Structures are given as C-alpha cells and as structure tokens.
Amino acid sequence: MPDGPTLSVVVPMRNEAKNLARLHERLCAVLARLGEPAEIICVDDGSTDGTLDMLRLLRAVDPRIKILSLSRNFGKEAALAAGLRYARGRAVVLMDADLQHPPETIERFVELWRQGFEVVFGQRRDRRTDGVLRRWLSLAFYRLFALLSQTDLPFGAGDFRLMDRKVVDALNQLEERTRFTKGLYSWVGFKQVGVSYDVGERTDGGSRFSLLSLWRHAVDGITAFSTIPLRVWSYLGLFVSALAIAFGCWILVRTLVWGADLPGYPSIIVAIMLLSGVQLIGLGVLGEYLGRIFAEVKRRPLFILREQIGFDRGDHQPQAERAEELRTSSHALPGS
Ligand code: UDP
Ligand code: MG
C-alpha cells in the first residue's frame, strides 16, 4: 500500500471512556517524536459507557483517529482481528487502551523494526499487577502449552507488539474462528525480537477478564494448537486394557491354585468409578474439539461492524473482504 500511513496503532477497547483522553495525549507525544504519518484505529468492542462518543470527540480534534464500532461485545481477540484487517500502515502496533502498555515503548519498537525485525513484541518485566493466583495459573498454562504444542510462546509476551505489513497480511489470511492470537503470532514465524517493558497500573477500572474467561481462553489456546488431548485417550486405553488383561491372568492363576474367594467389593467400585470418570473426561475432550469444529464449519464472521468512521470505503476495503465478495459473486454465476 504505497499511499498508506507508515504506522497504524490498533487499540481494542471496551468501556474505556475514562482512559481515552490520557491515552490519546501520551500516544500523540510519541507519534510526534516519531514524526511518521500514522493512523490510530480504535475498535469499540461493544462498550456501554460512552466510549464511542468519546472517540468521536477525539476524532474531531485528531483526524488520524479512525473508529471501528462492533455491533456488540465480540471479545478482545475479535476486536484485534477487526483492527488488523482495517489497518493500512506499513507497520501495525497493537496496544491496550488502559495505559498498561506504555505508549513510549512504541519508539523502541519502531527503532527495532527499522533495523529489520518484522515482529517486535513487548515482554512484561514482571506481573506484579496481577494477583498471585493469576500469576501461578499463567505460568502453569505456559508450561502446559509448551508441552502440548510445537509452538513456542515467549513468556510474558502478549498483544502489545509491532508487526510488519507482511506479518499482518499473513495473520489476516488465517480464517480460524477460535482465535488464540498469542499462538498465531508465533505460528506465522518471521524475524521476532522482544522488548521488555513495565506494566503500568490499570488507570481506571479492573481487568475486563474474569478467571472464568481466562480459563476458556486457555482451553481455546490448547485445543487450537494441539491434538494431543484428543489422541492421548487411545494410549491411556491401551495401557488400562493391558493392565486389565494382566490382572485377569493373575486372578485366573490365583483361582486355579488357591480356589475362589469373594472379597473385593470395594476394589470393584473404585475401579468402576475411576474408569467411568476417565471415560467421561475422554468424551468431554472430544466434545471440546467437536464444538470448535462446529464453530469453524459454520463460518460465521469473526465480528460484525455497526459503523466505521474515517475509512473511505472502496480503496480502503480490506483485501479479505474483497476476496470474499469475489468468491460469493462467482458462485452466483450460472455454470460456475
Ligand atoms: N477489551 C476488549 N474487549 C473485551 C475485553 C477487553 O476490547 O471484551 C480491551 C480492553 O478495553 C483493553 C484491552 O482489551 O483495552 C485489555 O483488557 P484488560 O485491560 O481488561 O485486560 P488485562 O489487562 O487483564 O489483559
Ligand atoms: Mg489491562
């Protein structure tokens, strides 16, 4: 895109009205120092607190701000996908709206990008702003993910990052609905480098993610990047069957040599309960994957826009969407 801005800053936001003015102020200072043409794409993810009005006000003073308003709350991953699809810059920066991602770090990102790195990701220096439980769970998740998938997740790296146009195009091509972006960033490859930064305190409100939603996110991540949970059951089954055969042989021999006796009721109950539990877990895992396959085959769009402000339609229509239109119109042709 020869006429696009150099830098796109994509900010997903849900109910961040109180943080926006401060965010804009700090971001502007950074962009001024960088001195490159830029656009700021704000994705309003179904906010209910006047975030959209605030964005309109800001856009009146700063036309670099472009607004994508989703029709409801689709979640941060979908909001990011929307922003990435509409960004035109030669490099795209993703950051949170709550100032936990210090905008000043972007200068370092751009410096490394100019040196030839295609992905520059922010790495949190420590996770003090998170509770002990959160930190512990997150560590456990990273370990498990590394064990189950062949994808390397750099620890502490999140959505705060800069990506070259090539990387953004690659990400836009991935059509999966269950988006575990952290994994996708690694999966697409390219020359990556980390920059550590200190996570700021959230300026207003608490984290928009509950432990339950983090759990769902973790399950999404693992099921999207590993089939080991599906396959492990056949091995477990083999192991248990072998054990059962051995035990059966032992009972046969014992009965032939010493005769039959009847105790063993508790051990039977334990065995039944354990094995039915294991079977239900196996079924549950199948269900997790089946549900996701169902979501994928429905091919619903990742997000629905209510409004887009500041993007002139036509030449700024995202490529993926244009391809989709071509595909649907060619279906309509007779004999094609
Ligand atoms: N966010 C969003 N949609 C959601 C939840 C969060 O766009 O459904 C945005 C939120 O407004 C913020 C960013 O994603 O800009 C990170 O959210 P938050 O600070 O709550 O998460 P955490 O700091 O715990 O990662
Ligand atoms: Mg935050």
Side-chain angles (χ1 to χ4, degrees), residues 8-24 26-27 40-55 58 65-87 92-103 105-106 121-139 141-142 153 155-161 177-183 185 197-218 220-221 302-307:
S8 303
V9 182
V10 171
V11 194
M13 50 189 79
R14 176 176 194 210
N15 297 345
E16 305 280 5
K18 293 209 187 89
N19 293 327
L20 284 182
R22 250 172 304 181
L23 171 72
H24 181 243
R26 277 174 68 182
L27 199 54
I40 305 171
I41 301 186
C42 300
V43 189
D44 168 32
D45 185 15
S47 301
T48 50
D49 72 337
T51 296
L52 189 57
D53 298 328
M54 190 64 202
L55 283 175
L58 283 173
I65 293 183
K66 299 177 179 179
I67 308 168
L68 292 173
S69 174
L70 305 189
S71 63
R72 63 169 170 86
N73 177 239
F74 276 89
K76 185 183 176 188
E77 308 275 335
L80 283 174
L84 282 176
R85 215 167 278 175
Y86 279 76
V92 180
V93 172
L94 307 180
M95 66 179 297
D96 286 359
D98 57 2
L99 290 168
Q100 285 192 297
H101 296 163
T105 318
I106 296 175
F121 56 84
Q123 241 169 336
R124 334 176 31 158
R125 213 165 265 139
D126 68 84
R127 306 177 69 103
R128 241 176 316 152
T129 50
D130 287 352
V132 181
L133 182 66
R134 244 169 220 240
R135 251 180 293 170
W136 188 84
L137 287 176
S138 139
L139 191 67
F141 171 73
Y142 274 90
L153 291 187
F155 189 69
D159 290 314
F160 188 31
R161 55 182 58 233
R177 298 325 70 188
T178 334
R179 285 188 96 77
F180 183 66
T181 20
K182 247 184 231 187
Y185 296 140
Y197 70 97
D198 288 310
V199 194
E201 287 289 338
R202 208 176 200 295
T203 41
D204 171 69
S207 170
R208 304 296 191 252
F209 296 103
S210 62
L211 274 182
L212 184 67
S213 69
L214 287 180
W215 163 258
R216 274 196 226 115
H217 190 58
D220 276 349
L302 276 172
F303 54 86
I304 296 174
L305 287 176
R306 172 185 296 122
E307 208 176 351

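Order of appearance sets the numbers: ligands from 1, and atoms from 1 within every ligand. Small disclaimer: the values here were computed from a predicted structure and weren't measured.
For the atom pair CG of Asn19 and CZ of Arg26, the computed distance is 11.0 Å after rounding to the nearest 0.5 Å.
Using a 4.0 Å cut-off between heavy atoms, Glu16 contacts ligand 1 through its side chain alone, with no backbone atom that close. The part of Asp45 lying near ligand 1 is the side chain, judged by heavy-atom distances below 4.0 Å. The proximity of Asn73 to ligand 1, defined as any non-hydrogen pair under 4.0 Å, is limited to the side chain.
Every atom of ligand 1 with a heavy atom of Gln100 under 4.0 Å away is listed here by number and element: 19 (O), 23 (O). The distance from ligand 1 to the heavy atoms of Ala97 drops below 4.0 Å at these ligand atoms: 15 (O).
Checked for salt-bridge contact, Asp96 and Lys76 meet the test: a charged N lies under 4.0 Å from a carboxylate O.
Of the possible polar contacts, none joining the Ser69 side chain to the Asp44 backbone as a donor-acceptor pair under 3.5 Å is found.
The shortest N or O to N or O distance between Asp96 and ligand 1 is not below 3.5 Å. Note: an N/O pair closer than 3.5 Å links Pro12 and ligand 1 by distance alone.
Sorting the N, O or S atoms of Asp98 by how far they are from the Mg ion (ligand 2) puts OD2 first.
Counting heavy atoms from C-beta on, the side chains of Leu153 and Tyr185 never come closer than 4.5 Å. For the pair His217 and Phe141, the minimum side-chain heavy-atom distance is 4.5 Å or more.
Note: Phe160 and Tyr197 meet the aromatic proximity criterion, with ring centroids under 6.0 Å apart.
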